[in-house]
Every structure is written in structure tokens, then in C-alpha cells.
Amino acid sequence: MLELLVFFFTSISLVLFLLTKLQPATMSNPELVLEKSSIEEIYPLASADELKLQHARYANFINHFRELYNEEPTVAVRGPGRVNLIGEHIDYSNFSVLPMAVDRDMIMAVSFGDAAASSDSETISVRLANVSESEFPSRTYTLPKDPKKFVEIDPKVSDWGNYFKCGVVVAQEFLINNREEYNIAEISAMRPMNVLVTGNVPTGSGLSSSAAFVVCATLSVLLGYGFKPTRKLLTQLSIKCEQHVGVNSGGMDQAASIYGVVDHALFVTFKPTLTATPFSFSSKVPADSKEEPFSFVIANSLVVSNKHETAPTNYNLRVVEVTLAALLLAKHLANKAGKTFADPADLLPADGNLQAGTLRNVLELVYPDQTFGTDADKDFVNSIEQLKTLETLAETVLGESEDTPEGHTTETVAKLLGISPEELVKRYMTTYPVRYNYLALRKRAVHVYSEAARVFEFLNALNRPTASSSLTETLGDIINRSHASAVSLFENSHPTVDRLCAIACANGAAGARITGAGWGGATVQLVSASKAAGLVAALKEDYYRKEFPGVSDAVIEDSLILSKPGNGTTILIDDFFSRV
Ligand code: ATP
Ligand code: GLA
Ligand code: MG
């Protein structure tokens, strides 16, 4: 699917809510997942034409549900995709990121039946259908009736149905394990489900269609058993979903999808606790500003990268590499301090996606400083300094291996950690198997520390634009440095995506970078408002038409979307479908 998302922010007068202590955008109770009773409330910035299309989409969806299942849904929800402005592949090292929810989303409706009505005494059935039946054919599977037993998910199989099953598993686990704390009624048997979904987040394209899906699945199941979660709880639960599917991903996508606020981006922290603070790109240019408004143009490269299928050589391998880099750095620090550790498991806290420690933990070994990354560290000056020191440490320590420049071998890493190569594989590469020739530890660690610093630099530039330098150019430079790091250090870009970014920069973009997991997918470019039309025209002619000869005008036009940051995950309430 050809997609081009264009976000226009009409101002350079940027107010960072976190730092200025202004009230976050209006919401009745920001703790709870949003509830909306009409399409207009979900998409308040949509034009009349866009609203008309949404009405048709929701009407088609509910009619499809009624025709298919001959009943009304018990619950209905929608969850958006997201775009990440800056801070790539650092969430699973517990560094903060700057994403925002987009107006592309998934709608899910579920009717819950009566467990007793199931003819089989051991199982209940789940019917799963998609409005795009040809792309995502219907699935029927059974679920143990016993709430203490879980549906099996084969992480080796890439099947869209797994993205629903993993939502069932995490919601079910929560409901049966937290009854007392949350006052949840006992579940005597699992209930049969009829499910319909439709989504317009392009899949495998860096805009997190998968998070939109798993957030909707987790929320629907919780609601079906009468439990309404807070945003924080829903985020914490749904973060675990894709790990069941075989992708050892971080928490950025679910946080962005759940906490999204119209016309706001989000400053998401994972440590010391999960927070998502909205900040606004204000609509008023200061009267004395000489700088023109700017926009973010999001363009899909059309190079599809399915994260599940490529996980052993791409995403999951990166998680292993940053973890091993952290362990080697911790070991180096221990040696220097004359401390001995019999087992690498004792070097760092059981933190991060492999429960073996993170690059953030290493930073905290060097700087046990509780203000890291918080607004208590004014303008993040100390945090940036600390990250730069760690970057240099990684550059030196991890660059000393005899295996460089390609990277470390399994044997070298095992030897440095004082365990056997078999033990290394067993501990860090078995739950999520990986394939590699070398482990590029230096490059990965240097990317993570420098990218984490770029997030703070980006926030500083937004919060304190200086009269002497152009904000657009400053942000553009940060974005370009992020992309360069993705290309040469984290190696999660793609030559075709690099061409797109180069075309963008040659045609008015102040900065262009790959966004999301990468290895294909979407790019985000920053451009002054007056150059946006030229940029879009150049992308059409010099990128899409040349890279994909024969692509039709209609396809290109259809894939151009103007959108602003949108609302987060929403429960559809009050007879919602009677008004579509
Ligand atoms: P990224 O993770 O890079 O941001 P992404 O989330 O779009 O991009 P993946 O993580 O690979 O990409 O997830 C894509 C998978 O999610 C699809 O292959 C499919 O299994 C599932 N999926 C997403 N949207 C839908 C949908 N509307 N209908 C059915 N399955 C979907
Ligand atoms: C995917 C993952 C996220 C994050 C990004 C890269 O979208 O799901 O957790 O790691 O890649 O920043
Ligand atoms: Mg995804």
C-alpha cells in the first residue's frame, strides 16, 4: 500500500508542557483510557470531507459486524498508530522518546458469548474476521475454557491472528492474577468471542499498526470481563503482547497509541516510571518571530519490513546486541574498580527486555543520579553530558575487541563475560533466537547513547528557541544526525529509504530520518511551510515515480494524507454506532 502522511504544524511557537507546567490537553480524567461517543469527538481536527469518510468507514464496519455475526458488539474500541519524531531503538534500553499518535487507526468490535452455551466442555471458540478479508483471511480458533489455561501462540508463525491472541493472553493473565488488588470478579470460564477488526495504519511500515492492534485486543478483552483499565495499566499490559508473538519490542508504540492527545506530541519516559507528557505545537507564531512555520512530512518508503519475519537478524538481534554491550561495559567498570563478579547476572539489575541489564543501567552505575532525564535537570544539561561520557566509554571499551571493526564473535563476548559460548547463547539468544556473523556492540551502544542525547537536544531546542539560530535548522540537524546514526551505527535503515531522505533534503527538507523499527517503512522530514509543497512534489516525481515505475496517479494521490497528531486509544461508548 502506498502511503504518504503529511503532518502540518502551523507554528514554531512551541510550548513544551512538561517544562512550562501548563495544563495538559483537556480530558476529564487523564488516568483512564479515553471514552468517546461520536466520530467528531475522536477526530476533532478532521475536515468535513474527512469526517464524511470516517462516517462511511465506521458505518461499513458495524454493518459488516452485524451481517457476519447477526448480533451487536459487546465492546468496541479504536487505537491509533504512531510516528516517532526522535529517539529510535532506545526505548528498550529505558531511554525516553518523542513519538505522537496519528489519525490512522484500528477499529475493533467484539461480542462476548456465554461460556455455558459452548457445546465443548473444555474449550470455547473465537472467531476473528477482518474487513480486508482478502489480505487478512478469517480465523477461528479455540481457547481453553479454564481461565488458568492459555491459548497457545507459536511465535515462529507469522499470522495476523496472533496479534489478537497475545492480547487475550496478557488480559487474561492480568484478570486472574490481580483479582484482589483490583477487586475483579472471579472468572469461572472464558467466554466465546466474535471479533471484527479493520485498520488503515499501513502494516510493516514503521507507523506501528501492530501496537494499534494489540492495544485494541488487550483493551477489548479487559472490557469484556467488566474491567476498565487506566492508560498506564493498559500500556504496561499491552507492552508485553508482541513479546508473545516473537518480537522482543519495547514500550514506545503502545505508550504513544494509548496516551495520544490531539495536536500534541508526547515525551515518553520508561524510568523511573512510565509517563507520557503531551506537549503542544502551538498554533500561534509569535508576532516578533522572523522564522516561518514548519511542518513534519511523513512519507512511507514503500519498502515493507515485517518485524516478526525479520526479527532474528534485525529487531531481536539488536535487543541482544545492546544487552551484551551493556554487560561488557559493566564488566569493564567492575574490573577497573577491582570488583569481581562470579556471574555476569550479578553485574547489572535484571532490567530490560532480556532481564539482563540495559545501557541505561550502565549509565546509572557511573552516575547514580536520580535526576537523569527529568525536568529537575534543567535543560537536561547534565543528562546530555553524562550520555556523551558513556558514548566515549562505549567507543573506547567496545572498540578494543580483537574482532573489530566488524564486531565481536560469540566466543570473544563469552570469554570477556567469563562464561562459555553455549551458556551465552542459552541465556541471551534462546527465548528469541538470533542469527549473525558478528555482534556489532560498539556501533549499537554508541547509537543508543547518542540518540538518547538527541532526544534531550530536541526538547531543549523546542523549549528554548534562540533568536540567533533557526529552530527549523537546529531540529533538522538533529534529525539528520539521527538518520546518519541509523545508517552507519544501528544499521536499521535501507538504501531505498536513504534515497528518499536524500531526495527530501535536496528538495527543501531541513532534516529527514527513518522512523519506527526501520529496515524499510516510513520516514519523517522537517520542512518550512513554504517549502512543503515543493518537497511533496519532489517526493512524488523523484522518489515514487522513479523507484516504483508504473505507480498510478490515483495510488500516489490516495497515499497522500494530511494529518495532525491525534487522540489516543478510545473506548466507543453510549450507543456510538447509532450516530455513524
Ligand atoms: P513498526 O513496528 O515498524 O512500527 P508495524 O507495526 O506496522 O511497523 P509490524 O510490527 O511488523 O509492523 O506489524 C505488522 C503486522 O501487524 C502485520 O503483518 C499483521 O500481522 C498485523 N496487523 C497490523 N494491522 C493489521 C490489520 N489492520 N489487520 C490485520 N493484521 C494487522
Ligand atoms: C518498534 C518497537 C518499538 C521501538 C521502535 C524503534 O516500533 O515496537 O518498541 O523499539 O521499533 O524505536
Ligand atoms: Mg510494530
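For ligands, and for the atoms within them, numbers begin at 1 and follow the listed sequence. Note that the coordinates shown come from a computational prediction; the quantities given were computed from them, not determined experimentally.
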[atom]: nearest protein contact (heavy atom, Å):
{"atom": "atom 11 (O) of ligand 1", "answer": "K307 N, 2.9 Å"}
{"atom": "atom 18 (O) of ligand 1", "answer": "N306 ND2, 3.4 Å"}
{"atom": "atom 10 (O) of ligand 1", "answer": "S210 OG, 3.0 Å"}
{"atom": "atom 4 (O) of ligand 1", "answer": "S208 N, 2.9 Å"}
{"atom": "atom 8 (O) of ligand 2", "answer": "D253 OD2, 2.6 Å"}
{"atom": "atom 22 (N) of ligand 1", "answer": "F213 CD1, 3.8 Å"}
{"atom": "atom 29 (C) of ligand 1", "answer": "N130 ND2, 3.2 Å"}
{"atom": "atom 23 (C) of ligand 1", "answer": "S209 OG, 3.1 Å"}

Can you list the ligand 1 atoms lying under 4.0 Å from a non-hydrogen atom of [X]?
{"X": "A517", "value": "3 (O)"}
{"X": "G204", "value": "5 (P), 7 (O), 12 (O), 14 (C)"}
{"X": "T203", "value": "7 (O), 23 (C), 24 (N), 25 (C)"}
{"X": "G199", "value": "27 (N)"}
{"X": "W160", "value": "20 (O), 29 (C), 30 (N)"}

At a 4.0 Å threshold, what atoms of ligand 2 neighbour a non-hydrogen atom of [X]?
{"X": "M252", "answer": "4 (C), 5 (C), 12 (O)"}
{"X": "S249", "answer": "2 (C), 8 (O)"}
{"X": "G250", "answer": "9 (O)"}
{"X": "E88", "answer": "6 (C), 12 (O)"}
{"X": "Y315", "answer": "1 (C), 2 (C), 3 (C), 4 (C), 9 (O), 10 (O), 11 (O)"}
{"X": "K307", "answer": "1 (C), 2 (C), 7 (O), 8 (O)"}
{"X": "Y92", "answer": "10 (O)"}
{"X": "A517", "answer": "1 (C), 7 (O), 11 (O)"}

Dump the intermediate steps for side chain to side chain contact (heavy atoms under 4.5 Å, CB included) on L359 and R444, then the final yes or no.
CA-CA 10 Å; L359 289 167; R444 311 306 184 231; over 6 Å; no
Consider every N or O of [X] and every N or O of ligand 2, then say whether any pair is closer than 3.5 Å.
{"X": "D91", "answer": "yes"}
{"X": "G516", "answer": "no"}
{"X": "S208", "answer": "no"}
{"X": "N84", "answer": "no"}

So is [X] in contact with ligand 1, going by heavy-atom distances below 4.0 Å?
{"X": "G516", "answer": "no"}
{"X": "G521", "answer": "no"}
{"X": "A211", "answer": "no"}

Within the structure, is a non-hydrogen atom of E242 found at a distance of less than 4.0 Å from ligand 2?
no
Under 4.0 Å, counting heavy atoms only: does R82 come that close to any atom of ligand 2?
yes
Taking the six-membered ring of Y69 (Phe, Tyr or Trp), confirm whether the NZ or CZ of R127 is under 6.0 Å from its centre and within 45° of its axis.
no
What I'd like to find out is whether the side chain of V83 reaches to under 4.5 Å of the side chain of P99, using heavy atoms alone.
no
Kindly indicate whether the side chain of F279, heavy atoms from C-beta on, has any atom under 4.5 Å from the side chain of L266.
no
Record the part of [X] in heavy-atom contact with ligand 1 below 4.0 Å; permitted values are side chain, backbone, both and neither.
{"X": "M106", "result": "side chain"}
{"X": "R82", "result": "side chain"}
{"X": "P202", "result": "backbone"}
{"X": "F136", "result": "side chain"}

Please check if the side chain of E321 supplies one atom and the backbone of L439 the other of a donor-acceptor pair under 3.5 Å.
no
Working note: N194 + V126, criterion side chain to side chain contact (heavy atoms under 4.5 Å, CB included); need CA distance, chi angles, decisive distance, verdict.
CA-CA 6 Å; N194 287 335; V126 176; over 6 Å; no
Parallel, tilted or perpendicular: ring planes of H447 versus F490, cut at 30 and 60 degrees:
tilted
Parallel, tilted or perpendicular: ring planes of Y543 versus F548, cut at 30 and 60 degrees:
perpendicular
So which of G518, S132, G206 gets nearest to atom 1 (P) of ligand 1, if we judge by its closest heavy atom?
G206
Considering the options F456, F95, F372, which one meets the ring pair (Phe, Tyr, Trp, His ring centres under 6.0 Å) requirement together with F380?
F456
